[in-house]
Amino acid sequence: MTTFGKDFVFGTATASYQIEGAVNEDGRGRSIWDTFSHTPGKVVNGDTGDVACDHYHRWASDLDIVAELGADAYRLSIAWPRIQPTGVGRANQAGIDFYSRLIDGLLERGIKPLVTLYHWDLPQTLEDHGGWVDRDTAYRFADYVELVAGALGDRVWSWATLNEPWCAAMLGYVTGEHAPGRRDPESGLIASHHLNLAHGLGVQALRAQTHSRVGLVVNYHQFAAADDSPEARDAVERLDAVANWIYTDPILRGAYDPRTIEVTKNVTSWGFVADGDLDVIHQPIDYVGHNYYSPTWILGGTNQAEAGSPWVGVDNVTFLPPKKPLSDMGWAIDPAGLTALLTRFHERYPDIDLIVAENGAAMPDTVDEHGEIHDADRTDYLKTHIGAVGDAIEKGVPVTGYFTWSLLDNFEWAFGYTKRFGIIRVDYDTQQRTWKDSARWYQQFLATRTL
Ligand code: IFM
């Protein structure tokens with residue numbers, strides 16, 4: 001039996017573009033995801049976030065659901081183009097007011113707000129000036145953070161500067177699967193550095209105006225060597241260097257790992273790292289959030305580094321097919337991978353608290369004749385992964401929170417509305433919300449916090 005202490009924070013998470021809709025309301029500007037999703041062929045079925053879950057209008061009843069679940073906290077993100085429609089200049093008051101109402105709505109319901117400042121909705125105007133490949137974007141981010149922190153301040157329990165910089169940089173600028181859809185390996189590395197810089201500048205802007213907790217959220221790949229050969233171990237180390245430590249080494253240690261530079265030396269000379277950048281990036285923070293879904297099993301290989309691969313510069317590696325069972329994303333379900341990820345992150349960075357900022361599964365939900373969704377597969381996923389967090393804590397890893405992804409079915413980026421991660425079903429025709437069995441299970445679990 002595992003019981004989580006009363007200070008452990010359980011919550012559920014969403015992100016602005018995936019749920020809000022109302023893309024043309026109250027002065028919101030255009031983001032790179034508006035452009036990308038409206039570009040034919042980029043998103044399955046041509047789906048867009050134009051309406052999404054209509055959360056912009058239904059936020060109050062959605063927060064009632066979070067309260068009814070019994071969650072301690074709710075993780076949301078702010079759409080930068082609602083605050084600064086073109087990514088520069090003074091704040092759009094209607095945008096500030098929306099998030100201010102949302103935060104007050106959470107506080108009135110006794111729920112702690114965890115606010116992510118960048119969950120990928122970059123104002124399109126900034127992308128037109130170079131996006132994350134342009135160093136100036138990091139400084140524009142700091143201005144935006146200053147506006148938000150000034151308005152919301154200490155009402156926010158916990159801030160996250162960035163969500164998953166790897167996705168923003170590598171899927172956005174290397175593979176082109178995400179907005180803005182560019183395909184250039186060096187741009188992915190430059191974007192990664194500028195996201196790191198934006199994080200550091202963002203932390204400074206937050207510290208100047210709030211006393212709340214500050215951190216960031218990463219999606220670290222749980223690369224697991226599939227045998228104990230030196231080749232497999234070496235492949236894992238090189239992948240870690242370009243996909244994982246590339247963010248938290250400068251942020252938590254103040255330097256890039258020499259392996260990151262070595263593995264990518266045929267792609268870039270890293271001349272974009274300016275004097276003083278690492279000091280700015282290396283700000284004290286309070287936690288790192290991990291988004292975990294699935295591990296990746298690795299062996300050594302004899303291949304060249306692949307053009308267009310998100311693992312920039314990595315050669316001699318074999319990715320094994322995911323082991324069954326799989327989620328509806330085709331991702332392996334492996335709770336032990338979560339314990340392993342948290343443990344090895346803690347071994348590398350022993351002084352920082354961790355939270356699981358996203359965890360959950362897209363499943364092939366069906367609605368039965370009574371309108372019910374018996375998603376035992378998702379319930380089992382959540383149960384076993386929360387258990388895996390308990391295992392990490394038992395091993396001495398300082399994990400202090402866990403958030404299910406997601407509260408609602410929503411716009412799953414390039415997969416549009418074809419993948420459902422919610423514990424609450426959304427009928428996109430009627431916008432009706434229906435509790436799945438997994439939501440009922442989470443509610444019962446939260447009442448006892450015992451597995
Ligand atoms: O939906 C996404 C979320 O926006 C970021 N983390 C992974 C989730 C599932 O793919």
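One-based numbering, in listed order, for ligands and for the atoms of each.
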Close N or O approach (Trp413, ligand 1; < 3.5 Å)
yes

Candidate list Arg425, Gln443, Glu372, test side chain to side chain contact (heavy atoms under 4.5 Å, CB included), partner Trp435, passing option:
Gln443

Which of the ligand 1 atoms, numbered from 1, are nearer than 4.0 Å to a heavy atom of His119
3 (C), 4 (O), 5 (C)

Which of the ligand 1 atoms, numbered from 1, are nearer than 4.0 Å to a heavy atom of Tyr293
6 (N), 7 (C), 8 (C), 9 (C)

Could you tell me which atoms of ligand 1, counted from 1 in the order shown, lie closer than 4.0 angstrom to a heavy atom of Glu358?
3 (C), 5 (C), 6 (N), 7 (C), 8 (C)

Shortest protein heavy-atom distance from atom 10 (O) of ligand 1, along with the residue and atom involved:
Glu412 OE2, 2.6 Å

Decide side-chain hydrogen bond (donor to acceptor under 3.5 Å, both in side chains) for Asn359 and Tyr402; before the verdict, give the C-alpha distance in whole Å, the side-chain angles of both, and the deciding distance to 0.1 Å.
CA-CA 8 Å; Asn359 176 243; Tyr402 172 94; 2.6 Å; yes

For Trp132, which of Leu126, Ile32, Thr137 qualifies under side chain to side chain contact (heavy atoms under 4.5 Å, CB included)?
Thr137

Short list, please: which atoms of ligand 1 are under 4.0 Å from a heavy atom of Trp331?
10 (O)

Could you tell me whether some N/O pair between Gln18 and ligand 1 is separated by less than 3.5 angstrom?
yes

Do Arg433 and Asp62 meet the salt-bridge criterion of a basic N to acidic O distance under 4.0 Å?
yes

Just checking Phe223 against His221, ring centres under 6.0 Å apart?
yes

Thinking salt bridges, do Arg28 and Asp34 make one under a 4.0 Å N-O criterion?
yes

Atoms of ligand 1 under 4.0 Å from any heavy atom of Glu164, numbered from 1 in the order shown, are 5 (C), 6 (N), 7 (C)

Under a 4.0 Å threshold between the charged nitrogen and the carboxylate oxygen, would Lys436 count as salt-bridged to Asp409?
yes

Looking at ligand 1, does any of its N/O atoms fall within less than 3.5 Å of an N/O of Trp405?
yes

